[in-house]
Amino acid sequence: MTRRTPRQENRFAPRRPRRSGRYALRLASLAAALGAWQLLAGLKVDLWLRFSQFPTVTDVARTFADRLSGPDYWTDLTDSLTRILTGFLLAAVLGVATGVLVARSRLAEDLLGPVLEVIRPIPAIALVPVAILLFPSNEQGIVFITCTAAFFPVLVSTRHAVRALTPVWEEAVLTMGGGRWRILGSVVLPGALPGIFGGLSVGIGVSWICVISAEMISGQYGVGYRTWQDYTVVNYAGVFVGMITIGVLGWVTSTAVELLGRRLTRWLPRTSYIPGARTPRPARGAAAPAPVSPTAKEEAPHDQLV
């Protein structure tokens with residue numbers, strides 16, 4: 001039997017796309033979208049969709065440059081980031097704690113479960129009247145709405161992740177003399193960490209949606225408040241500046257959460273699947289491996305199956 005060299009084996013391995021090529025493709029996609037926007041708005045195309053009232057890319061860029069040179073833009077940016085970070089951090093702590101508690105305790109599930117399941121379908125933006133009645137200032141009400149929006153995705157993801165843990169790990173800790181807190185710190189939280197960060201990624205996006213809506217309704221300062229003010233005075237270029245700012249801020253914060261999650265879950269095995277890569281084919285003349293029946297797998301020794 002001839003043995004293949006590493007060079008021959010690499011021929012059949014899936015090729016990874018070059019990072020520079022991927023970045024170039026992304027930039028080309030963004031440039032194409034901006035070019036189509038500029039063309040449709042510049043020509044004032046009115047077919048089924050109406051682009052005659054749209055500002056062009058150059059108009060938005062000019063307004064964006066004017067906003068960057070003034071103090072109001074940075075004040076709005078600071079206020080929105082403060083609200084989103086405060087509400088999101090509160091939601092992360094409360095959501096993880098409540099999710100673990102409900103998943104691990106039947107008493108907590110019976111006491112908190114019905115109340116949470118009734119409140120969960122209510123959109124967070126619908127709680128604006130409740131926030132106005134409860135809190136003495138609009139600032140606290142906006143943070144409350146932001147926290148509520150992110151709380152339930154974190155809660156649900158944490159609860160499902162904790163319940164999906166295999167009991168073998170917990171039994172191993174109990175066998176070695178560990179208590180409840182040891183199980184929580186060495187089994188429950190590390191094991192549920194991927195699911196927790198999945199909920200955090202969803203929660204940060206929902207938080208941006210709700211904080212901008214709350215700023216439009218009852219806020220003073222903030223990106224959402226400024227965007228709504230531009231709409232009321234028919235400054236459509238300013239509206240698009242606010243939309244772009246919201247999109248960039250949402251992308252930056254969600255990327256930060258994702259990178260933190262990857263950093264804290266480095267011990268997880270990463271998939272080697274590459275989208276678009278070809279499945280390696282066996283070499284010519286090489287015999288295909290014979291299928292192993294389930295009964296043969298059960299009867300064969302462990303070292304033969306590895």
Pairwise distance [atom1]([X]) to [atom2]([Y]) - rounded to 0.5 angstrom:
| X | Y | atom1 | atom2 | answer |
| --- | --- | --- | --- | --- |
| L127 | I119 | CG | CD1 | 8.5 Å |
| S80 | I212 | OG | CD1 | 5.0 Å |
| R226 | N235 | CZ | CG | 11.0 Å |

W37, CH2 atom: more than 12 neighbouring heavy atoms under 6.0 Å: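 Yes - once you tally the heavy atoms of other residues, nucleotides and ligands closer than 6.0 Å, there are more than 12.
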R182 atom CZ, over 12 foreign heavy atoms within 6.0 Å: no
[X] vs [Y] side-chain heavy atoms within contact, under 4.5 Å:
| X | Y | value |
| --- | --- | --- |
| T245 | F64 | yes |
| D230 | Y236 | no |
| W208 | T253 | yes |
| L189 | V100 | yes |
| R22 | L25 | no |
| T148 | I122 | no |

Please list, chain by chain and in numerical order, all residues satisfying ring-ring contact (aromatic ring centres under 6.0 Å, His included) with F144, sequence neighbours excluded.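 Residues passing ring-ring contact (aromatic ring centres under 6.0 Å, His included) with F144: F135.
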Donor-acceptor contact present, side-chain R266 to main-chain R263, <3.5 Å: yes
Look at the rings of Y221 and Y225 and say which category their plane angle falls in: under 30° parallel, 30 to 60° tilted, over 60° perpendicular. tilted
Between R120 and E117, does any NZ, NE, NH1 or NH2 come within less than 4.0 Å of an OD or OE carboxylate oxygen?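 Salt bridge present between E117 and R120.
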Residues two or more places apart in sequence or in another chain: which of them pass side chain to side chain contact (heavy atoms under 4.5 Å, CB included) with T98? V102, L112, L116, F151, L155
Side chains of T56 and D59: do they bring a donor and an acceptor to under 3.5 Å?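 Indeed, the side chains of T56 and D59 share at least one donor-acceptor pair under 3.5 Å.
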